[in-house]
Amino acid sequence: MSSEQRKAFPFSEFEPKWQGEWEAKKAFRTPNPGDADFDASKPKYFVLDMFPYPSGNGLHVGHPEGYTATDIIGRFKKMSGFNVLHPMGWDAFGLPAEQYAIKTGTHPRVTTEANIANFTKQLKSLGFAYDWDREVNTTDPGYFKWTQWIFLKLYNSWFNPSTKRAEPVSTYRFHPDDDLLAPGEELDGKVPSEQNRIEINKVRAEKQREFLDSVRLAFVSSAPVNWCQELGTVLANEEVVDGKSEVGGFTVERRPMRQWMLRITAFAQRLIDELDGLDWPESIKLLQRNWIGRSEGAHVTFKVAQASSLPPDKQDACPTITVFTTRPDTLFGATYMVIAPEHPLVSQITTPAQLEAVEGYQKSVVSKSDLERTELAKDKSGVFTGAYAINPVNDEQIPIWIADYVLMGYGTGAIMAVPAHDQRDMEFAKKFDLPITTVVERECPHSPSEEAKAAPAGEDTRTPCFAGDGIAVNSGFLDGLTTPDAKKKIAAWLEEKGLGKGTTNFKLRDWLFSRQRYWGEPFPIVWEDGKHRSIPESELPLVPPTLEDFKPTGTPEPPLSKATDWVRYSDTATRELNTMPQWAGSCWYYLRYCDPKNSERFISEAAENYWMGGGKPGGVDLYVGGTEHAVLHLLYARFWHKVLFDLGYVSTPEPFQRLVNQGLILGEDGQKMSKSRGNVVNPDDVVSEYGADALRLYEMFMGPLEQVKPWSTSGVVGQSRFLARVWRLVMEQNDEGTWSVSTALQDVPSNKQVTKALHETIKKCGEDIEKLSFNTAISAMMVCTTAFTGAEVKSASAIVTFLKVLSPFAPHLAEELNAQIRSKFPGLAAPGFLSDEIWPNYDPAALIEDEVEVVFQVNGKLRDKARVPIQATKEEIEKIALASARVQEFMEGKTPKKVIVVPGKLVNIVV
RNA sequence: GCCGAUGUGGUGAAAUGGUAAACACAGCGGACUUAAAAUCCGCUGGAGGGCAACCUCCUUGCCGGUUCGAGUCCGGCCAUCGGCACCA
């Protein structure tokens, strides 16, 4: 028996047929403002998928989950009168293609193109209503021209702290002493000679350049990165385990390298604040807030004591160390100080006696990766520098230690340690026998016994420290104040004495934006005399050179260095050799969809205004994708968008108004799908076995979109059966196995019961689609199908209405059945594609029944029910309930204390 | 450790504070068939009672609370999953 015969309905014939029709007739082309067929009177709906990285493995079942959800929404909105923008594209730069290229010698462009062709075929086989004319590809020079262009905008902008906005560097105001002198302008009361003026301006111009370079949003810095000699590349922190590379287990060292950074930290506050108005899952907002990690506190400056042990040449230096603390109110409890081992002052303050120990410790720390440093967090380590700081509140000398639990990258790289009120300081103090002074006491005096219980006498080594708010004690002028009041008072005191001031700190670091890779966007930057400058926009796109050998060089020199001709920009200038990270292209792709072919601008004003502006609050109306991008892509894209907004290129401060995270699909065994577990489901197999509609429907029926849920092949079978039932509503098979339009289908109105079921389905599906509650929408359609099945004669027009509701979910089947009905009842079916139809209205009158079932409860327990006329009054219903024999039985002859009547629902009699 | 999410039948799940388990899957029984597949119909949370149609009690992780009424709201626990993790 051939598999063809086994199929309950011929999806393998009509699915490709309709995909071909839609493509040939451009059924889902979305006109842009300015196009002849653009209808500006319609509202817009921009529904966005996270575009895939076209990997060699092809689509996995997680992709169609989000894509089907957005497809249903998009098709529904289109039928509801919106101009719908629902595009697809490729995030195609990236390491896997490059690694594959290194292994096989195939150029990444070749593998990338092949993978895109495969992905395209797979997506088209699922019948998604994408406007393929808007396809974007981040590796296309016509695309990355604008990625480079945006980089130049970042490069040529600075963050003005007074306006809190990105501005062109031209608005940067230099100190008057650094302004260039105009001819004839006075300097120190006299006009310099022309010769001198040129000399002075040369010096000043150089100073200005340095200033600008230090404020640009794209800037160069020497950040320590994870460098792996054997792999010949830098690695992300996630790729380093126990100081070894995750791949190959090679040694990874921390080494400072010249890197491009983007000044995302300047936007930290706005990135937090502007989350508030977004319709995103609270958990994702929280993840971003925590990632940005704002904390309020104060800088406090400590003098380093003039220790006699310091050598004479260090005596007059009298350095100061500034710490960041969120608890300035505990200053009286600061019994020692810790500075990061990399802190620049370490060498200056270390006493000769401690020099060897300190340098040894520094060396041991340098080789550790950040990950290693935190993984060994359990056990505190550190070394005394021999120096002392003076606590400004009580002039006590406190020892200065170095320890790797203090990180150079956060705050000032130095802390005042308050062991009584900080767990880490407590652990450190215990290990090294440093004094512990309590300066805050718990406020609740009425539960001392519980406290005693919590800390059993003596033996417990991990005495819990009290890190909460309380009342200041042992704190001089702060005594008796609550923690918030003490914070205010000490802040004022510090400020008055010039010893410190309130500050806000963020965990967010600037974005390391360069990679030593071949398969990425080259920077539009050249170097000359050790200085960088941008290339003119007219030279964009800057296409990477065609390299035969894209293997790593074995040195920190990026592979692009091998293209010697390309590297040479002029006799004296050479190109930047690093490339941008994969995130670059995905930071703005949603904008390019709005105007993908524009060669004059990254997006036209009209297109931006319509698709990204368009009413309040604007932006992408719905963005669906996985949680894995909660903090990286979604933060980076918001950052770029804000810069473009500040510079006037886009009209909203936020790109994605509504975000929904689809839940991961697990394997049938409830484990994460992976090749090694052998539980990976290939969507192609599902499509060939059960059809695209069954796959779409199943993925939507599995459960709530946001939820993690396991795959079940028998669940797909169930959806296939449902579709077959719908098919047989319209079609019947003769003895030869040929399908034709069923004789039960007639040009008649449907009966009351079916009409009610149909209108309930229209109502519920419309509401559920808006809520993204697709599983319940599908169950409603199943109920409706059962109602149709029960009717002997089927109303063709009612079924066509049902098919319109079904069409966003199972577009192929709906389209085919509509066409079949049209062949027999031309007037009753949709004349063209169902997607061009208007979403049906439901008739509220059809939903109303003459009678409703009312439940009778006695003391909250269900005892009886009865059908009651819909218009019955409360009193009437109560009377019917009290008359019930079963109700009376359970009332046991008592008089009701209270009777609650919910019309159309229930009666509860309390006795 | 901190933060977040989730706990309902054998399974995926449903339920504006108002009949818990809709809709499916799996299972069992039946119809059709020489037979099987497909299809259609019925049963299917637990315990107890009845020849029976039926009836009673229990049941949404655990313990309390609010309410005429709680899966849903509040407080406290427990478990699982996810994220962050020496951030001063």
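Naming convention: chains lettered A, B, ... in sequence-line order (proteins, then strands); numbering from 1 in each chain. Model, not experiment: these values are computed from the prediction.
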What are the atom names and distances for every N/O pair under 3.5 Å that joins the protein to nucleotides 14-18 of chain B?
{"from": "B:A14", "atom 1": "OP1", "to": "A:Asn775", "atom 2": "ND2", "distance (Å)": "3.0"}
{"from": "B:G18", "atom 1": "N2", "to": "A:Asn908", "atom 2": "ND2", "distance (Å)": "3.4"}

Assess, by modelled atom type and distance only, whether the side chains of [X] and [Y] contain a donor and an acceptor separated by less than 3.5 Å.
X: A:Ser381; Y: A:Tyr361; answer: yes
X: A:Asn505; Y: A:Ser295; answer: no
X: A:Thr322; Y: A:Thr412; answer: no
X: A:Ser773; Y: A:Thr776; answer: yes

Could you give the side-chain donor-acceptor pairs of residues 721-729 of chain A under 3.5 Å, partners two or more places apart or in another chain?
none

With [atom1] as the reference atom in both, quote the distance from [N] to [M] in angstrom, rounded to an integer.
N: B:U72; M: B:U6; atom1: P; answer: 13 Å
N: B:U60; M: B:G45; atom1: P; answer: 16 Å
N: B:A70; M: B:U16; atom1: C1'; answer: 15 Å
N: B:A21; M: B:G46; atom1: C1'; answer: 13 Å
N: B:A52; M: B:G69; atom1: P; answer: 36 Å
N: B:A13; M: B:G50; atom1: P; answer: 40 Å
N: B:G27; M: B:C81; atom1: C1'; answer: 30 Å

Problem - base_contact_polar (B:C68 base, A:Lys897 side chain, donor-acceptor, <3.5 Å) - result: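 No.
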Handout entry: Under-4.0 Å side-chain N/O to phosphate OP1/OP2 contact, A:Arg289 with B:C2
Key =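 No, outside the criterion.
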Opposite nucleotide pairing with [N], Watson-Crick or G-U, both atom distances under 3.5 Å:
N: B:G17; answer: none
N: B:C40; answer: B:G30
N: B:C84; answer: B:G1

Handout entry: Plane angle bin for A:Tyr405 and A:Phe428 - parallel if under 30°, tilted between 30 and 60°, otherwise perpendicular
Key = tilted
Exercise for the section: May I ask you to check whether A:Trp711 and A:Tyr698 place their ring centres under 6.0 Å from each other? Expected result: yes
